[in-house]
Amino acid sequence: MAETVPPRGLDPQGYIAREGSLARVPQDFRPVVAAARDGILDLFGTRLHSAYLYGSIPRGTARVGRSDLDVLVVLYDEPTEADRSGGQGLLEALDQGFPQIDGGGVLLSDRTRVLSDLERYDLGFFVACLCTPLLGEDLAEYLPRYRPDSLLARETNGDLALVLPRWRARIAETADTEEALRPLVRVMSRRLVRTAFTLVMPRWNGWTSDLHEMAEAFAIHYPERAGQVRAAATHGYEPTGDAAVLTSYVDDLGPWLAAEYARVHGVKAPRPEDGA
């Protein structure tokens, strides 16, 4: 009898399998991870509950000089603006000290929020399935297992309509240069491709974090928009500082995707920071 192979990214029970591990960190990036770990401990001390890596480095797909370092820091108490400034300063120091990485991000949250009912299918899913433990207690032990269903789709990416005005403002205040626009193209491209993927995720019945695979899963169901999403996937890995790309995102692909997402999955539950 042939062995049953679960859909990509799922375990044999049909739940999304956690991606990444410290064992998969490429050798070239291990000094960066070690320095990040030490820097987090020095910066947050006893206020630190846990820290996690996410993205290409713990997945083992990072490219020297091209990939970014992405870290989530969870504190016992709510992060302050000083905490966020400190995290940004740590990232900048790592970026300058290690040519292996090209930028990145340090996200901050607190234990209560990660485990809250409101965040169970967004930040909770992110920690449980997309983050690799680096320091402290793993909060995945307190979170449920997740299936690639419409609830997960809605709560992870059902807020694109709220994001688009912020993107327009950010584009307007950014200098029209290759160096300044390139990071925006990378960030916005990745967000749009991930949203396109989770739009069709329940029908695809699986999980992937590879942008090109996401674009192909989307293309099966929306061939008329496939070219745009495939191009965005390419820009997510190889961004170009082109203002026309950003304009197409906020004036065409983004609004269409937000409307279709709301039609198919509904709108993400409001967060306090949304002003609701």
Exercise for review: Could you please spell out the steps behind the side-chain hydrogen bond (donor to acceptor under 3.5 Å, both in side chains) verdict for Y76 and T46?
Suggested key: CA-CA 9 Å; Y76 281 103; T46 58; over 6 Å; no
Practice item. Would you confirm whether Q100, through its side chain, and D28, through its main-chain N or O, come within 3.5 Å as a donor-acceptor pair? Key: yes
Practice item. For the pair H212 and Y237, name the ring-plane relationship: parallel under 30°, tilted 30 to 60°, perpendicular over 60°. Key: tilted
Point to revise | Test: D11 and R18 ion pair at under 4.0 Å | key: no
Practice item. Would you check if R147 and L10 make a side-chain contact, meaning some heavy-atom pair closer than 4.5 Å? Key: no
Study note, to complete from the structure: The residue among L118, V74, L143, V114 that forms side chain to side chain contact (heavy atoms under 4.5 Å, CB included) with L123 is V114
Revision key, fill the gap. Closest non-hydrogen contact found for E78 with D83 is O-OD2, 4.3 Å
Review point. With sequence neighbours left out, what residues match R59 under side chain to side chain contact (heavy atoms under 4.5 Å, CB included)?
Key: E19, S56, T61, S209
**Study point:** Nearest heavy-atom neighbours spanning L69 and A36
**Key:** CD2-CB, 4.2 Å
Exercise for review: Count the heavy atoms of every other residue, nucleotide or ligand shown that sit under 6.0 Å from CD of E224, and state whether that count exceeds 12.
Suggested key: yes
Check your understanding: With distance as the sole test, does D159 use its side chain to make a donor-acceptor pair with the main-chain N or O of L162 at under 3.5 Å?
Key -> no
Study note, to complete from the structure: On a heavy-atom basis, the closest approach of L48 and S50 is CD1-O, 3.4 Å
Point to revise | Non-hydrogen side-chain atoms of W207 and Y146 separated by less than 4.5 Å | key: no
Exercise for review: Could you tell me whether a side-chain N or O of R230 sits under 3.5 Å from a main-chain N or O of A215, the two making a donor and an acceptor?
Suggested key: no
Check your understanding: I57 and P26: which non-hydrogen atoms are nearest, and at how many Å?
Key -> O-CD, 3.4 Å
**Study point:** Salt bridge R225-E260, side-chain N to carboxylate O under 4.0 Å
**Key:** no
Check your understanding: Taking C-beta and beyond as the side chain, do L160 and Y261 meet within less than 4.5 Å on heavy atoms?
Key -> no
Exercise for review: Would you mind checking if R186 and D102 are paired as a salt bridge, meaning a charged N to carboxylate O distance below 4.0 Å?
Suggested key: yes
Review point. Would you call E273 and R113 a salt bridge, taking side-chain N to carboxylate O under 4.0 Å as the test?
Key: yes
Practice item. Over all heavy atoms of both residues, which pair between Y249 and L164 is shortest? Give the atoms and the distance, please. Key: O-CD2, 4.3 Å
Review point. With a 3.5 Å cut-off and no angle check, do the side chains of E137 and Y142 form a donor-acceptor pair?
Key: yes
Check your understanding: Cluster question for you: counting only ILVMFWY and a side-chain heavy-atom cut-off of under 4.5 Å, with indirect links fine, are L108 and Y54 together?
Key -> no
Revision key, fill the gap. Here the pair of heavy atoms bringing H235 nearest to S189 is CB-OG, 3.3 Å
**Study point:** side-chain hydrogen bond (donor to acceptor under 3.5 Å, both in side chains) between E92 and Q96, intermediate numbers included
**Key:** CA-CA 6 Å; E92 291 173 357; Q96 293 173 6; 5.5 Å; no
Practice item. Please confirm whether the backbone N or O of D122 pairs with a side-chain atom of E155, one donor and one acceptor, at under 3.5 Å? Key: no
Review point. Does a side-chain heavy-atom distance below 4.5 Å link T198 with H265?
Key: no
Review point. Can you check whether V71 reaches L53 side chain to side chain, under 4.5 Å on heavy atoms?
Key: yes
